[in-house]
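In this chain, residues are counted from 1 in sequence order. All ligand and atom numbering here is 1-based and tracks the order in the structure.
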Amino acid sequence: MIGDIKDCAMLNNGLKIPWLGFGVFKISDGQEVEQAVKYALEAGYRSIDTAAAYRNERGVGKAIQESGIPREDVFLTTKLWNEDQRNKRTLKAFEESLERLGTEYVDLYLIHWPVKGFYQETWKAMEEIYQSGRAKSIGVSNFLVHHLEDILPDSQVVPAVNQIEFHPFLIQPKLLKFCQEHQIQVEAWSPLMQGQIITEPNVQKLAEKYHKTPAQITLRWDLQHEVVTIPKSTRSSRIAENAQIFDFELSQEDMNALDALDQGKRIGPDPDNFNF
Ligand SMILES: NC(=O)c1ccc[n+]([C@@H]2O[C@H](COP(=O)([O-])OP(=O)(O)OC[C@H]3O[C@@H](n4cnc5c(N)ncnc54)[C@H](OP(=O)(O)O)[C@@H]3O)[C@@H](O)[C@H]2O)c1
C-alpha cells in the first residue's frame, strides 16, 4: 500500500518520482506561486509540476531555494511549450527554463503537447537533453497511443512519463494499459477535474463512508490505480487536505464504483484537436 507522502513510483530509468506532487497551473508568478509552493513544501510535498507556458517558473524556483530544502530532495518538472517545438528551439527553450528556475537540472522535462508534424523531431532533441544529464528524466504529456507509437520505434529513450488528463470521468483504459506495458508512468493532470469532482454525488457518498473529503477520495483513487497525481490549490488548507491521502484505502468495490463514472469526458483540450 502507498502509505506515506514520501512514497515514490520508480520510473523506467530507476529515478523515483513521488506519487503525490503539487501542480501550479494558473497560479501567478511572484508572491502567489511562491506562497503556494511554500505551503506545499511545508505540508510535505516534494514534487512540483510547472511549465514554461505557466509563466511562473521563476517563482517556483525561488520558493524551492528559499525553503532551505536541499535541491536533490525536490522532484522538479517543467515542460516545453508548443511554439518552441514549432520553432525548433527545444534546446534553447530548455536552457531558458533552467535559467528561470534557477537550477542546473530538472528531474523531469516533458513535451507539453504532441504538436502535429513536430513531436517526433522534438523527441530527438529531448533525448539529447537527457544525455547531457540536465534532465534526469524526459517524458511526454497529452500523448495518445498513436503519438507514442510514432516515437517509440526510433527512440533511444522510452518516455519515463506520460502526463494526461485523468479523473473518474476520463480514464482512457487503453492508453493506461499501453503505458503500463511500455513502462511509461502515467501522471494525472486535473485530477480533481479543476474542482468539479467535489460535487459528484457518488464521490460525496464515498467521502462520507471513509470520513474523508471528495478530493481525498479522488486522489486516493489515483494512487490505487498507480497513477502519479499533482493536484493544484492556492489555499493552504486545501493543499494540506490533498496530502492527507496516505492513511486509508478504498475497497476494490469502491474503486470499481469510481471507475464506473468514466464517460470519456474531457475538461481540457483533445490532444488530437487543439489549436495552440
Ligand atoms: N500537461 C498538461 O497539459 C496539463 C494541463 C492541466 C494541468 N496540468 C497540471 O496538473 C495540475 C493540476 O491540474 P489543474 O490545476 O488543472 O486542476 P485540479 O488540480 O484538478 O484542480 C484544481 C482546482 O480545484 C480546486 N481545489 C483544489 N483542491 C481542492 C479541494 N481539496 N477541495 C475543493 N477544491 C479544490 C482549486 O481551487 P483553489 O486553488 O481555489 O483551492 C482549483 O480550482 C496543474 O496545476 C498542472 O501542474 C497539466
Side-chain angles (χ1 to χ4, degrees), residues 17-29 32-33 35-37 39-40 43 45 47-57 59-60 63 75-82 85 97 101 106-115 119 138-144 147 159 161-170 172 175 185-200 203-204 207 212-222 227-245 265-276:
I17 181 172
W19 286 107
L20 177 71
F22 182 65
V24 298
F25 182 38
K26 292 188 180 161
I27 308 185
S28 310
D29 201 10
E32 193 182 33
V33 81
Q35 190 62 253
V37 172
Y39 289 147
Y45 294 70
S47 168
I48 313 289
D49 179 86
T50 184
Y54 303 168
R55 300 188 179 279
N56 57 18
E57 289 173 309
V60 167
F75 191 102
L76 180 58
T77 301
T78 194
K79 313 186 192 85
L80 172 74
W81 187 234
N82 300 344
Q85 275 194 73
S97 278
L101 288 162
V106 293
D107 297 277
L108 177 61
Y109 195 46
L110 299 176
I111 299 183
H112 208 145
W113 288 86
V115 178
Y119 60 88
I138 52 172
V140 295
S141 176
N142 299 302
F143 274 46
L144 302 176
H147 299 118
V161 165
N162 187 13
Q163 186 183 108
I164 55 174
E165 184 181 339
F166 181 83
H167 43 68
F169 283 80
L170 180 71
Q172 305 185 80
L175 178 56
Q185 176 63 50
V186 173
E187 184 173 35
W189 67 251
S190 294
L192 303 174
M193 286 183 83
Q194 294 189 335
Q196 291 178 39
I197 201 71
I198 309 307
T199 53
E200 213 296 314
V203 178
Q204 288 182 337
K212 286 280 170 181
T213 67
Q216 290 166 338
I217 294 291
T218 311
L219 297 170
R220 181 70 209 180
W221 172 83
D222 290 339
V227 168
V228 167
T229 192
I230 49 169
K232 168 263 172 185
S233 177
T234 45
R235 307 180 200 197
S236 60
S237 58
R238 287 178 173 175
I239 292 170
E241 172 190 330
N242 295 345
Q244 281 149 27
I245 55 173
K265 183 178 164 192
R266 293 183 184 281
I267 51 159
D270 177 351
D272 265 337
N273 193 15
F274 62 95
N275 62 358
F276 46 83

Checklist line | Partners passing ring-ring contact (aromatic ring centres under 6.0 Å, His included) against Y39 (at least two apart in sequence or in another chain) | finding: none
Note to self: Check for me whether K265 meets the cation-pi criterion with F169, that is, NZ or CZ under 6.0 Å from the six-membered ring centre and within 45 degrees of the ring axis.
What the structure shows: yes
Margin query: I need the contact residues for ligand 1: any residue with a non-hydrogen atom closer than 4.0 Å to the ligand, ordered by chain then number.
Written below: G23, V24, F25, D49, Y54, K79, H112, W113, S141, N142, Q163, W189, S190, P191, L192, M193, Q194, G195, I198, A215, I230, P231, K232, S233, T234, R235, R238, E241, N242
Item checked: Matching residue for T77 among V161, V60, D49 - test: side-chain contact (heavy atoms from CB on, under 4.5 Å) -> D49
Checklist line | Results of side-chain contact (heavy atoms from CB on, under 4.5 Å) for N142 - residues two or more places apart only | finding: H112, W113, P114, W189, P271
Margin query: Run the salt bridge (charged side-chain N to carboxylate O under 4.0 Å, His left out) test against D107 and tell me which residues pass, sequence neighbours left out.
Written below: R71
Check: Side chains of F22 and I230: closer than 4.5 Å at any heavy-atom pair?
Finding: no
